[in-house]
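See structure below.
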Amino acid sequence: MIVVLKANPDPEQLDNLTTWLTSQFITIHSSLGINNLVLGLVGDTSVLDIDLIKSLDIVEDVKRIREPYKNANRKFHPDDLIVDVGGARIGGGHFMICAGPCSIETEEQMNAVACGVRDGGATLLRGGAFKPRTSPYSFQGLGGNGIELLIKAKKAAGLPVVTEIMEISQLQYFDDVDMIQVGARNMQNFQLLKELGYVDKPVLLKRGLANTIEELLMSAEYIMAGGNENVVLCERGIRTFETATRNTLDISAIPVLKKKTHLPVMVDPSHASGIADMVKPLALAATVAGADGLMIEVHNDPPRALCDGAQSLTPEKFADVARAVLAVRPYAMTAEELSQ
Ligand code: PEP
Ligand code: MN
């Protein structure tokens, strides 16, 4: 529920209202708009008499909002969130291109890809060390040793890095990592999300294969409720009846999310399609539809990649995609247009 107060509310009446709401086990998030103070009420607001609150002298308007997320809700945070990832920014007009291999394999591979994607226009380097593979017999990633190689590549290329966490005990390896990725398969690992709420690093939260946009926002809410407000969302394709592509890129998720939340929205055309040749058209579509960034898998030798080679671009092809993306950026829908 949102309570919009009249300008310059009487302090005593305001105090009475907040004391009464608190006694009803309601938590109050207040934010100051241009003219009015807005109270966001969190808790079981069904116990509150909306007409009674509306009738108070200091109250301009009361709205019940259906969305159960408050921290991630644009209604409470009209301005776009800008997330700083080790100096690279995303959101509020800042566009981020994240690129790198699905899995960290060797020092040579990581350094070659890191420098390749940097030269091609990437602002954030990716690489998986803890890999959530469908089969237990597939390459599971190099774990902590992989993160060491990622940090070497970070230094070699001068790019900040993002890598995936699968459980909170792995956080010990993340000291020099700039952004923590929660993969699609862990989007509803609520215990992990809660723990990440207490971590002082931005989180890249990928949409689950079969999760709704509202569920994605509720998962962001888990992280933000713990105090970590630096969450970036990522649409990476969802399961549909279509089999021509690995997943189906839900382009609509971009305008829907931009309306509902102030959090930056990234798109991963690599996992969405599973096919290297489709990365460029999907990346262009996502950019023009208003995405704040892209995550693209790049490998120096895709046919020999230990994971996701079929969808990986060479550094040269990646540079071509990045160039094309930056060329269409002036035609992209802005957050302002999308959030109206
Ligand atoms: C990844 O980015 O390496 C990954 C495993 O992606 P997703 O969680 O979207 O499948
Ligand atoms: Mn992958």
Side-chain angles (χ1 to χ4, degrees), residues 85 96-105 109-110 113 117 122 124-136 138-143 146-147 149-150 153 161-167 170 174 177-189 192-193 196 202-211 213 215-216 219-220 223 231-240 245-250 253 257 265-276 278-279 282-283 286 291 293-314 318:
V85 183
M96 175 176 271
I97 304 184
C98 171
C102 182
S103 301
I104 300 157
E105 298 170 10
Q109 169 240 16
M110 250 343 277
V113 176
V117 299
L124 178 67
L125 175 65
R126 63 153 285 148
F130 297 102
K131 295 301 304 174
R133 303 305 301 278
T134 302
S135 165
S138 302
F139 177 56
Q140 301 287 307
L142 297 180
I147 295 191
L149 299 183
L150 182 66
V161 293
V162 59
T163 191
E164 180 166 355
I165 196 166
M166 286 168 61
E167 55 165 293
Q170 295 161 351
F174 280 66
V177 169
D178 300 282
M179 183 179 223
I180 304 174
Q181 176 173 325
V182 175
R185 289 155 191 83
N186 272 311
M187 191 206 88
Q188 287 193 315
N189 181 339
L192 177 63
L193 301 177
L196 293 175
V203 175
L204 176 65
L205 179 63
K206 298 188 89 174
R207 180 179 179 185
L209 283 69
N211 285 110
I213 292 171
E215 285 165 344
L216 172 62
S219 290
I223 300 168
V231 179
V232 175
L233 306 172
C234 183
E235 159 60 37
R236 44 76 73 210
I238 49 172
R239 277 274 165 83
T240 67
T245 47
R246 182 175 176 183
N247 292 288
T248 299
L249 178 60
D250 182 8
L257 284 168
V265 177
M266 264 190 145
V267 168
D268 172 349
S270 305
H271 289 90
S273 63
I275 302 164
M278 293 199 181
V279 170
L282 298 191
L294 297 168
M295 173 178 257
I296 297 176
E297 284 193 341
V298 178
H299 197 283
N300 53 336
D301 190 2
R304 289 192 181 73
L306 294 182
C307 184
D308 287 350
Q311 67 196 34
S312 298
L313 303 182
T314 58
F318 163 73

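Read the numbers this way: they start at 1 and go in the same order the structure lists the ligands and their atoms. Since the model is a prediction, treat every value here as computed from it, not as a measurement.
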Practice task
Going by the side-chain contact (heavy atoms from CB on, under 4.5 Å) test, name the single residue among Leu233, Val232, Leu196 that passes it with Leu205.
Solution key: Leu233
Problem - Closest contact, heavy atoms only, Thr163 versus Ala129 - result: OG1-N, 3.6 Å
Completion exercise
Here the pair of heavy atoms bringing Asn186 nearest to Ile165 is ND2-O, 4.2 Å
Exercise for the section: Report yes if some N/O of Asp268 lies less than 3.5 Å from some N/O of ligand 1; otherwise report no. Expected result: no
Practice task
State the atoms of ligand 1, each with its element, that fall below the 4.0 Å cut-off from a heavy-atom position in Arg236.
Solution key: 7 (P), 9 (O), 10 (O)
Practice task
Check if Arg207 has a non-hydrogen atom at a distance under 4.0 Å from any atom of ligand 1.
Solution key: no
Handout entry: Arg133, CZ: over 12 other non-hydrogen atoms inside 6.0 angstrom
Key = yes
Fill in the blank from the handout: Of Lys206, Gln311, Arg236, the one forming a side chain to side chain donor-acceptor pair (under 3.5 Å) with Asp268 is Lys206
Fill in the blank from the handout: Rounding to 0.5 Å, atoms SG (Cys234) and CE (Met266) come to a distance of 6.5 Å
Practice task
Give the residue and atom name of whichever protein heavy atom lies nearest to atom 6 (O) of ligand 1, and the separation in Å to one decimal.
Solution key: Lys206 NZ, 3.0 Å
Handout entry: Glu215/Arg207 ion pair, N-O < 4.0 Å
Key = no
Exercise for the section: Sort by chain and number the protein N/O/S atoms found under 2.8 Å from the Mn ion (ligand 2). Expected result: Cys102 SG, His271 NE2, Glu297 OE2, Asp308 OD2
Problem - Non-hydrogen side-chain atoms of Val182 and Val203 separated by less than 4.5 Å - result: yes
Problem - Nearest non-hydrogen protein atom, atom 8 (O) of ligand 1 - result: Ala184 N, 2.7 Å
Practice task
From the options His271, Glu235, Met295, Arg246, select the one whose nearest heavy atom is closest to atom 1 (C) of ligand 1.
Solution key: His271
Exercise for the section: Enumerate the atoms of ligand 1 whose separation from the nearest heavy atom of Arg185 is less than 4.0 angstrom. Expected result: 7 (P), 8 (O), 10 (O)
Problem - Sidechain N-carboxylate O distance under 4.0 Å for Asp308, Arg246 - result: yes
Handout entry: Reported CD1-to-CG distance for the pair Ile223 and Leu193, which is rounded to 0.5 angstrom
Key = 5.0 Å
Handout entry: ligand 1 atoms in contact with Gly183 (distance to a heavy atom under 4.0 Å)
Key = 8 (O)
Completion exercise
Out of Glu297, Glu164, Arg126, the nearest non-hydrogen contact to atom 5 (C) of ligand 1 is supplied by Glu164
